[in-house]
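A short write-up of the structure that comes next.
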Amino acid sequence: QVQLVESGGGLVQAGGSLRLSCAASGRTFSSYPMGWFRQAPGKEREFVAAIAWSGGRTYYADSVKGRFTISRDNAKNMVYLQMNSLKPEDTAVYYCARSKVSGSSRAYDYDYWGQGAQVTVSS
């Protein structure tokens, strides 16, 4: 059984930064690509970023490119999302997920999901 637990969400002013962490259980964590998605109230869940199993390749939605950075530490079973220059439109619940396809932006390619972390950006 795989469990993913996000932390690090909170309230921040526009232009500020937050770092989300995702702790993963399971001995095969390092074998899988990982990703972050987000869902704002009344909107569909959308892709934010993904990272290959080795951490060697990363992928971003156009809306966050240049502001967000995804990374992972396989020795610690952790995935991170560093979010800089935050905007009010980044307000959402952010989800960490395990992927079956490297670099995928499609939610159905992800088989395990965390419970989500709320990020609120005030203007």
Side-chain angles (χ1 to χ4, degrees):
Q1 184 72 9
V2 175
Q3 286 190 320
L4 302 173
V5 179
E6 300 95 338
S7 61
L11 173 65
V12 64
Q13 287 189 330
S17 299
L18 279 176
R19 188 175 85 151
L20 299 180
S21 299
C22 174
S25 65
R27 290 175 291 177
T28 60
F29 168 79
S30 61
S31 300
Y32 289 90
M34 298 292 293
W36 287 93
F37 284 72
R38 66 187 181 186
Q39 187 167 19
K43 295 187 177 181
E44 293 187 354
R45 192 169 297 191
E46 65 172 358
F47 170 76
V48 175
I51 188 166
W53 68 269
S54 66
R57 292 200 69 174
T58 56
Y59 311 82
Y60 297 94
D62 288 343
S63 59
V64 306
K65 202 171 293 182
R67 299 188 298 122
F68 290 12
T69 302
I70 187 172
S71 62
R72 67 190 295 165
D73 184 338
N74 286 342
K76 296 181 179 179
N77 279 16
M78 297 291 293
V79 181
Y80 306 99
L81 185 68
Q82 177 67 43
M83 304 183 292
N84 298 329
S85 302
L86 282 161
K87 305 175 181 179
E89 51 263 44
D90 294 319
T91 295
V93 176
Y94 283 71
Y95 297 91
C96 170
R98 191 184 81 169
S99 180
K100 298 174 288 184
V101 179
S102 188
S104 175
S105 61
R106 301 170 298 193
Y108 62 75
D109 283 331
Y110 291 75
D111 55 0
Y112 288 94
W113 296 78
Q115 83 290 349
Q118 177 69 48
V119 171
T120 303
V121 184
S122 63
S123 57

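Keep in mind it's a predicted model, so treat the numbers as computed, not measured.
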State, to 0.1 Å, how close Q1 and Y112 come at their nearest heavy-atom pair, and which atoms those are.
NE2-CE2, 4.4 Å
Does Q3 have more than 12 heavy atoms from other residues, nucleotides or ligands lying within 6.0 Å of its CD?
no
Look up atom CG in D62 and atom CZ in F47, then write down how far apart they are to the nearest 0.5 Å.
10.0 Å
Could you walk me through whether R19 and Y80 pass the side-chain contact (heavy atoms from CB on, under 4.5 Å) check?
CA-CA 7 Å; R19 188 175 85 151; Y80 306 99; 3.7 Å; yes
Hey, mind stepping through S102 and W53 against side-chain contact (heavy atoms from CB on, under 4.5 Å) and telling me if it holds?
CA-CA 8 Å; S102 188; W53 68 269; 5.9 Å; no
Closest heavy-atom contact between A92 and A40?
CB-N, 3.8 Å
To the nearest 0.5 Å, how far apart are CD in E6 and SG in C22?
5.5 Å
To the closest 0.5 Å, what do you measure between NZ (K87) and OG (S123)?
14.0 Å
To the nearest 0.5 Å, how far apart are NZ in K65 and OG1 in T58?
9.5 Å
Which pair of heavy atoms, one from F29 and one from A24, lies closest together, and at what distance?
CD1-CB, 3.4 Å
Where do S104 and D109 come nearest, in terms of heavy atoms and distance?
OG-OD2, 2.6 Å
Measure the CD-CD distance between Q39 and E44 for me, rounded to the nearest 0.5 Å.
8.5 Å
Do S71 and Q82 pass the side-chain contact (heavy atoms from CB on, under 4.5 Å) test, and can you show the C-alpha distance, the side-chain angles, and the key distance before you say yes or no?
CA-CA 8 Å; S71 62; Q82 177 67 43; over 6 Å; no
With side-chain contact (heavy atoms from CB on, under 4.5 Å) as the test, would you mind laying out the steps for V79 and R98 before giving the verdict?
CA-CA 10 Å; V79 181; R98 191 184 81 169; over 6 Å; no
On a heavy-atom basis, which atom in M78 and which in S21 lie closest, and how many Å separate them?
CE-CB, 3.7 Å
Going by the rule side-chain contact (heavy atoms from CB on, under 4.5 Å), which residues pair with T120 if we only count those two or more places apart in sequence or in a different chain?
L11, T91, Q118
Find out whether L4 and Y95 are in side-chain contact, i.e. whether some heavy atom of one side chain is under 4.5 Å from a heavy atom of the other.
no
Sub-4.5 Å side-chain heavy-atom contact between L20 and M83
yes
For D90, salt bridge (charged side-chain N to carboxylate O under 4.0 Å, His left out) partners two or more places apart
R38, R67
If you group Ile, Leu, Val, Met, Phe, Trp and Tyr by side-chain heavy-atom gaps below 4.5 Å, do Y60 and V48 land in one group?
yes
A quick test of your reading: do over 12 heavy atoms of other residues, nucleotides or ligands sit less than 6.0 Å from NZ of K76?
no
Under a 4.5 Å side-chain heavy-atom rule over Ile, Leu, Val, Met, Phe, Trp and Tyr, are M34 and V2 clustered together?
yes
Donor-acceptor check, side chain of N77 to backbone of S25, threshold 3.5 angstrom: yes or no?
no
Is the W113-F37 ring centre distance short of 6.0 angstrom?
yes
Do F68 and Y110 sit in one hydrophobic cluster, given that two such residues count as connected whenever their side-chain heavy atoms are within less than 4.5 Å of each other, even indirectly?
no
With the 4.5 Å side-chain cut-off for hydrophobic clustering, are L18 and L81 part of the same group?
yes
Tell me, yes or no, whether the heavy-atom count around K43 atom NZ, taken from other residues, nucleotides or ligands under 6.0 Å, exceeds 12.
no
The reported gap from SG in C96 to CD1 in I70 (rounded to nearest 0.5 angstrom) is 8.0 Å
